[in-house]
Amino acid sequence: MKKDLIGFYDSGVGGLSVLKVALNKIKNKNFAFFGDTMRMPYGARKDEEIREYTIEVMGFFEDLGVDLSIIACNTATSHGLKDANSIYNYPIIGVVEPGSMNAIERTKNKKVALVATKSCVQSGIYDKVLKNMDPSLELNSVYCPELTLAIERGELEDDHIDAIVEKYLDEFGDYDFDTMILACTHYPIVEDSFKRIFKRQGKKVLMVDPAYKTVSDAINILNIGNEEIPNRTIDFYITGDIDKFRFTMDKIVDLSDFNVSFHHVKIEDLEKYKK
Ligand code: DGL
């Protein structure tokens, strides 16, 4: 039976920012979402660990029979996408190339700022991809671990998030960027906070959420049309505490039109996908 299924993978709730874009644009697929909350934050992990986890989850998705997987995590894309694509024989895409392309299209002064996890910043992946596309582009990056964790815990109150975001934005000093890449999928969930602070500071900054171009790439790869299917399903596969995940999830997406199920996945059950 054809499952018409797309897989989304993140360490936690960040991937929901990508799923949310897909829910708006794709009306004829079911979705599977893998949240590796037991092992998050990926941003503080070793490159090799993140590569391994990505390979495991892409194997898990292959067994589920997905048509395509979206690595809805910049950190996992940085360390796992290339190897996942050489191991598996079904389409797997990440968020870094689409995000970079979008930033190149937007910036006028060719000065781009990026916020991401420590591991993603230190991988240098965005520098590499962006400069490949346009060698004259300048990029400065700041990692924001506290922001990722506050979002994951569902602490989304404006004042609280604004204070954290402002502290990290201060690290850019007087760098006069015109474009900012939200290069951790957790951050688009609080994009309004970034906008509020830029507005308060009188700065005009174009925001890039890599999710939009990523989802449109998925639509092109699978040749997805406009027809709609009823009674669609979203299955969540969570390695950590399902209630904690749902607590934050309910603040981020409205899934009332879907048949939603939650499944706990034991880390030991991912062993068999190790490569
Ligand atoms: N949401 C993830 C990203 O886009 C990573 C968050 C984390 O686990 O540190 O990089």
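All ligand and atom numbering here is 1-based and tracks the order in the structure. Count residues from 1 along the sequence.
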Is any N or O atom of [X], backbone or side chain, closer than 3.5 Å to an N or O atom of ligand 1?
X    : result
S11  : yes
G43  : yes
T117 : no

Charged N to carboxylate O below 4.0 Å: is that the case for [X] and [Y]?
X    : Y    : value
K27  : E227 : no
R39  : E49  : no
K213 : E105 : no

Exercise. Are the aromatic ring centres of Y187 and Y168 under 6.0 angstrom apart?
Worked result: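 No: the rings miss the under 6.0 Å criterion.
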Exercise. Do F177 and F172 make the cut of ring centroids closer than 6.0 angstrom?
Worked result: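 Distance test on ring centres: under 6.0 Å, yes.
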Exercise. Can a non-hydrogen atom of G12 be found less than 4.0 Å from any atom of ligand 1?
Worked result: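 No, that is not the case, since the closest heavy atom of the residue is not under 4.0 Å from the ligand.
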Exercise. Between N74 and ligand 1, which part of the residue brings a heavy atom under 4.0 Å of the ligand: side chain, backbone, both or neither?
Worked result: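 The part of N74 near ligand 1 is both the backbone and the side chain.
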Problem set entry | Region of V95 engaging ligand 1 - heavy atom pairs below 4.0 Å |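 Neither part.
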Problem set entry | Minimum-distance protein heavy atom relative to atom 10 (O) of ligand 1 |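 Scanning the protein heavy atoms, the shortest distance from atom 10 (O) of ligand 1 goes to T75 OG1, 2.5 Å.
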